[in-house]
Amino acid sequence: MELSLLRAQAHSPSYFSLLRSSSGERAPVDFCIPCNPYFPTPEIFEHLGRNLETILKFYPSDAGTITEELCSTLGLHPKTVAMGNGSTELITWIDHLLVRESLAVPIPTFGRWTDQPLETGKRVDMYPLQESRNFTLDVNDYVSFIRTRGSRVAVICNPNNPDGGYLPKHEVLRLLDQLIDLDLVIVDESFGDFVDAEPYPGIATEAAVRPNVIVLRSLGKNFGLHGIRFGYMVANPALAGRVRDALPKWNLNSFAEVVVFMMRQFMPEYQESLRRLGNDRRAMFQQLSTMPGLSVFASQGNFLLVKLPPGHDGVPLRDHLLAEHGVYVRECGNKLGTTSQFLRLVVRPQEDVRRLLIGMTQFLYSGSLHEIPVIGLHHRAVNSISA
C-alpha cells in the first residue's frame, strides 16, 4: 500500500485511490468513510447490477421528478425540498446564495462548513467545543457567542462529525427559537438516521414552516451509497426555491433516480440495517473503552471519536494499521478543533472490528495476541478479537 497518498492532500484519499495503489494486495477495510455497511442488501445490489446497462446508458429524469418521488416516500412537500448531487453541492449553493457576510459554526465539525464560506470571503466565527465537556454543544453559550460576534448565519451538525455528539430535539428547537432574527440557521442532519436516542429526532417538518431554517439530509451516507452523491435540504418554500432554482435541471444521475424510486419498497430492510448498526456501535464502544488510556466519546452517528493515550500520535498509528493490517482509519490532525491524537473510527461489523482492535493493541501497547487479556480487555472483547 502506497502510504504517500495519505500525506498528499488535506482530505483523506478516496477508496479508489487506495485500491489503485494497492498493487494487487487485499482491499483495505474502510474505517475512514462513514458508510452504512448493511445497506443496500445483496438483493438490491443484484437488482442494480441486472439493470446496469440501462442505468448507465440512458439520461435520468429531471431533478423535479426525482424530488417528487423522494417527497412522496418521506412525507414532505416538494416545494420545501431541493435535491443535490451530494450535500457538498447544497452547502456550496447555500453559501453562494444565502450567506451574506458571516457564519458561526462549532468546531470540530464537518470541514466544508468552515472551508466553503472562507473560500468565498465570508467571516467564519468558530465556536470551540470543549473536550472537557465531551464536545457537547451548550445552547446558551453558543447563542451568547453568536450575539457577541454578530454572526448572521449559524450552523450546527446533529449528530456532529467527527465526535457523533447529539443535541436532543427540544434543545435544537430552543436554539432555533433564540435565533429567529438571524438570516439563516442551518441544521446539518446528514447522520440523523443513525440516531436512536429518541424516536423522531429530525426537525425537517419544523424547517418547512420556519422563516430562516434549513435542514440538510444525506442519502449516500445513510444508504451506504457514497458513490451516487445525493442528498436533500428542507426549508420553507421561498428558501428551498432559491436553492432549487439555482441548481442545474439535471443535477442528479440515473443511479440516484433508480435508488430513490426503490426506497419505498426496501424501507423495512433499511430500518433493519440501522438497528444492526446501532448494536454494532454499542459493542464497538464497549470494546474500545476497555483499552487502557484510550478515551472514547459517546456517539449517535455511525462512527466513534477516540483520543489516543498520552504520548501517542495518530499518524504513525494510521500508517501502521493500513500497512500491517489492511485497516484504513481517519486521523483527525487536519480537523479544526482536534489534533492528530484523535481518530474517527467508522462503526463496522464485528469481524472487521477484530482486525482494528488487534492492530491498535499491537501498536499502542507493543503487545501480541496472547498478551491482549493483560491490557484489560473484558471477556467479551477478548473473545471478539480472538474468535
Side-chain angles (χ1 to χ4, degrees), residues 59-100 103 112-113 116 152-158 169 172-173 175-177 179-193 200-223 225 228-267 270:
Y59 221 73
S61 301
D62 61 83
T65 300
I66 303 172
T67 300
E68 285 185 10
E69 176 63 20
L70 177 74
C71 291
S72 175
T73 300
L74 299 180
L76 299 169
H77 195 290
K79 288 189 179 297
T80 67
V81 173
M83 286 194 72
N85 185 235
S87 60
T88 303
E89 180 180 57
L90 294 170
I91 291 170
T92 301
W93 281 106
I94 289 168
D95 172 56
H96 280 290
L97 297 171
L98 303 173
V99 181
R100 293 185 296 168
L103 177 144
R112 290 313 300 167
W113 285 119
Q116 173 61 41
R152 293 307 308 159
V153 173
V155 175
I156 65 166
C157 292
N158 198 37
K169 183 175 181 178
V172 177
L173 296 177
L175 176 69
L176 301 185
D177 289 341
L179 299 178
I180 191 70
D181 59 311
L182 263 57
D183 295 342
L184 193 64
V185 182
I186 303 159
V187 183
D188 186 338
E189 296 181 348
S190 290
F191 297 98
D193 279 7
Y200 303 104
I203 61 153
T205 54
E206 285 278 343
V209 297
R210 286 180 176 255
N212 67 335
V213 177
I214 288 177
V215 163
L216 202 65
R217 303 281 296 190
S218 172
L219 293 170
K221 296 177 183 67
N222 302 336
F223 288 171
L225 290 168
I228 291 183
R229 307 298 302 135
F230 61 152
Y232 64 99
M233 58 165 276
V234 184
N236 70 61
L239 281 177
R242 284 194 66 185
V243 176
R244 190 171 55 246
D245 291 347
L247 292 167
K249 190 174 180 65
W250 285 278
N251 67 321
L252 303 173
N253 59 62
S254 297
F255 267 113
E257 177 170 12
V258 170
V259 171
V260 166
F261 274 82
M262 290 170 62
M263 281 176 60
R264 199 189 311 264
Q265 177 184 354
F266 291 102
M267 197 56 71
Y270 176 58

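Computed from a predicted structure; not experimentally measured.
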Side chain proximity check, [X] to [Y], heavy atoms < 4.5 angstrom:
X: Leu216; Y: Trp113; result: yes
X: Leu225; Y: Phe255; result: no
X: Leu98; Y: Ile214; result: yes
X: Asp193; Y: Arg217; result: yes
X: Thr65; Y: Asp62; result: yes
X: Met83; Y: Glu89; result: no
X: Leu247; Y: Trp93; result: yes
X: Leu70; Y: Met263; result: yes

[atom1]-[atom2] distance between [X] and [Y], expressed to the nearest 0.5 angstrom:
X: Ile203; Y: Leu176; atom1: CD1; atom2: CG; answer: 4.5 Å
X: Arg229; Y: Asn85; atom1: CZ; atom2: CG; answer: 6.5 Å
X: Ile228; Y: Phe223; atom1: CD1; atom2: CZ; answer: 9.5 Å
X: Thr80; Y: Leu239; atom1: OG1; atom2: CG; answer: 11.0 Å
X: Met233; Y: Ser218; atom1: CE; atom2: OG; answer: 15.0 Å
X: Lys79; Y: Glu68; atom1: NZ; atom2: CD; answer: 9.5 Å

Heavy-atom pair of closest approach, residues [X] and [Y]:
X: Ala82; Y: Ala240; value: CB-O, 4.1 Å
X: Gly84; Y: Asn251; value: CA-ND2, 3.6 Å
X: Leu252; Y: Pro60; value: O-CG, 3.2 Å
X: Ala207; Y: Val234; value: CB-O, 3.7 Å

Using atom types as modelled and distance alone, determine if a side-chain donor or acceptor of [X] lies under 3.5 Å from a backbone N or O of [Y].
X: Arg242; Y: Leu97; answer: yes
X: Asn236; Y: Arg210; answer: yes
X: Asp183; Y: Val153; answer: no
X: Asn158; Y: Pro201; answer: no
X: Glu257; Y: Ser61; answer: yes

Chi angles and distances behind the side chain to side chain contact (heavy atoms under 4.5 Å, CB included) call for Leu184, Ile94: CA-CA 10 Å; Leu184 193 64; Ile94 289 168; 4.0 Å; yes
- request: Check the surroundings of atom NZ in Lys169: do more than 12 heavy atoms from other residues, nucleotides or ligands lie under 6.0 Å from it?
  value: yes
- request: Apply the test side chain to side chain contact (heavy atoms under 4.5 Å, CB included) to residues Tyr232 and Leu74: give CA-CA distance (whole Å), side-chain angles for both, the deciding distance (0.1 Å), then the verdict.
  value: CA-CA 12 Å; Tyr232 64 99; Leu74 299 180; 3.3 Å; yes
task: Begin with the C-alpha distance, continue with both residues' side-chain angles, and end with the deciding distance and a verdict on side chain to side chain contact (heavy atoms under 4.5 Å, CB included) for Thr73 and Met267.
output: CA-CA 9 Å; Thr73 300; Met267 197 56 71; 4.0 Å; yes
message: Between Glu69 and Arg264, does any NZ, NE, NH1 or NH2 come within less than 4.0 Å of an OD or OE carboxylate oxygen?
response: yes
task: Test the Lys221-Phe191 pair against the cation-pi criterion, namely NZ or CZ under 6.0 angstrom from the six-membered ring centroid and within 45° of the ring axis.
output: yes
